[in-house]
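See below for the structure under consideration.
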Amino acid sequence: MKVKDRLRRLTGERIETPGSPPDKEVITELRKKIQAILERSPVGSTPKDARYTGGSVRLEQVITGEEVRTPQGMFFFSRTVFTDTTYHGIMRIGDFPRIGMDSLGILAKNPVISLHEPCHALFLDTETTGLSGGTGTFPFLVGLGWFEGDHFITCQLFARDFSEEKALLSFLQELSSDKKFLVTFNGKAYDLPLLASRYILNRLEDPFLGKEHLDLLHPCRRLLGHRLENTRLATLESSILGLNRRGDIPGFEIPQRYFDWLRRRDGRLMEDVFEHNRIDVISMAAITKHLSDLLDGSLATQSVPGVDLFCVARLHLERGNTDASRSLLEGLLCSPDTGVAKQARETLSLLHKKAGRWNEAVVIWEKMLEDDVLDIFASVELAKWCEHRVSDYDRAIQLVSRVLEQHPFLSEELQWSLEYRLRRLLRRTLRKHPTEGS
DNA sequence: CTCACGCAGATGTATCCGTT
DNA sequence: AACGGATACATCTGCGTGAG
């Protein structure tokens, strides 16, 4: 500023030169505009967020919890006890801890888990500033859950700003140290890689590295996904747990809520997020209980769809539990769901075939042909048995040619392979009886 | 005895889908 | 949007068996 201008300002003279600093009125005007912007509803929020106007409310006033001070710094901590008589949808909290650990080992494809106890499980779910992954995503809320007797405890660790991360992470190390295994929903691909990068960034040891881990997403997809529109946690809650969240904040709104909190420090902004996170953690425990019951056979048979049981049978088969698989499949042979009954017959017959129990396999194939004389699977399997085990070429030819002649829908590939089989059988029968057929 | 073939298990690859 | 686990499907490999 020139000396002449300073003198003018001191004497109260207005300076109107373009590009020069604004005077007091302009600044006041700008301040008003900024304030108005700051008081606007958060971006992407619903109309009900009008309740967040009119001064801010401290976090402690809306969320039961307290500030925790550690040598690493501070963060906010909330603990809730869900007693055994509480219901989560149709599920009673008090039943949760009675989980079959053998089943969990099978679900996690990790037999070590079955050596632990339900009270050794740590349920974990994080809320973050986005999905973009990498080091740019900040896990501001870590929800944890575990069993204490017949009760379920949830603990929530909240970083009120970025500076509280280190204290939160080191407290998480402490909390998880006496838990033997981890249960998450999509945690293998989402929560754990994210936390791993935060531990590295904060030069702390990752407490979850190498810890046993059951990720519920994949067992849910496998055992329940066949009859559901998708296997998102919310869908599983409504269809399996009978729980419908009212007024729940959608996941995509959570990052914006946290950014609003950072600006306004209004505890009411975080209320829904804490609630959402707490329900996620309890739902994980409820789903773990449901899956373990499904595998144990402790659910009322009439309430379980046949297709779920068939999926369990296939899981047992893949894990080498042939006895468990066999008895489930036998129970499904006459399932009212005809599709399930057919699949059960096919799978069980192959199980018998593999074990060398040919008689039992043949009984199933014959039964399938009794119900549908053009059944392709049974026709081909019986033809293989006739050709390779009992050298009954005539019967094999009859089975294959009947499908070829009468089946209304044969893919080009299937037709080709059936014709190939038939030609080979005809060659063989000609060699066996050279005088016939010429 | 050797060769060719059918079958089943092993290995490799593409696609899907859930997380905030 | 980025990521990665699981599944489904395709291709490869090795074994057993029958024909010549």
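We name chains A, B, ... by the order of the sequence lines, and we start the count at 1 in each one. These numbers were taken from a predicted model, which means no experiment stands behind them.
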What residues form a side chain to side chain contact (heavy atoms under 4.5 Å, CB included) with [X], not counting sequence neighbours?
| X | value |
| --- | --- |
| Ala108(A) | Asn110(A), Ile113(A), Leu214(A) |
| Ser292(A) | Ile99(A), Ser103(A), Leu104(A), Asp296(A) |
| Glu405(A) | Ser401(A) |

Exercise. Identify, with sequence neighbours excluded, every residue that meets side chain to side chain donor-acceptor pair (under 3.5 Å) alongside Thr154(A).
Key: none
Quiz prompt | Set of residues satisfying side chain to side chain donor-acceptor pair (under 3.5 Å) with respect to Asp375(A), sequence neighbours excluded | solution = Lys342(A)
Anything under 3.5 Å between a protein N or O and an N or O of nucleotides 10-13 of chain C, put it in a table, one pair a line.
none

Protein-nucleotides 4-6 of chain B N/O pairs under 3.5 Å:
unit_1	atom_1	unit_2	atom_2	d
dG6(B)	OP1	Arg424(A)	NH1	2.6
dG6(B)	O3'	His388(A)	NE2	3.4

Exercise. Would you classify Asp125(A) as touching base, sugar-phosphate or nothing, given that sugar-phosphate means primed atoms plus P, OP1 and OP2, and contacts are heavy atoms under 4.0 Å?
Key: sugar-phosphate
Quiz item: Any Lys/Arg nitrogen of Lys180(A) or Glu212(A) sitting under 4.0 Å from an Asp/Glu carboxylate oxygen of the other?
Solution: no
Practice problem: Kindly calculate the angle separating the two end axes of the helix from dC1(B)-dG20(C) to dT20(B)-dA1(C), each obtained from five base pairs, and round it to 10 degrees. | Solution: 10°
Exercise. Nearest whole angstrom, please: distance from the P of dG18(B) to the CD1 of Ile254(A).
Key: 17 Å
Quiz item: What string of B, S and - do you get for nucleotides 9-14 of chain B, 5' to 3', if B is base contact, S is sugar-phosphate-only contact and - is no contact with any protein heavy atom under 4.0 Å?
Solution: S-----
Quiz item: What residues in residues 217-235 of chain A put a non-hydrogen atom under 4.0 Å from any atom of DNA chain B?
Solution: Leu217(A), Arg221(A), Asn230(A), Thr231(A), Arg232(A), Leu233(A)
Self-check item: Contact residues, residues 157-173 of chain A to DNA chain B [heavy atom, < 4.0 Å]
Solution: none
Result block: side-chain N/O donor-acceptor pairs under 3.5 angstrom for residues 358-366 of chain A, not counting sequence neighbours:
unit_1	atom_1	unit_2	atom_2	d
Glu360(A)	OE1	Arg326(A)	NH2	3.2
Trp365(A)	NE1	Ser349(A)	OG	3.0
Glu366(A)	OE1	Arg395(A)	NH2	3.3
Glu366(A)	OE2	Arg395(A)	NH1	3.2

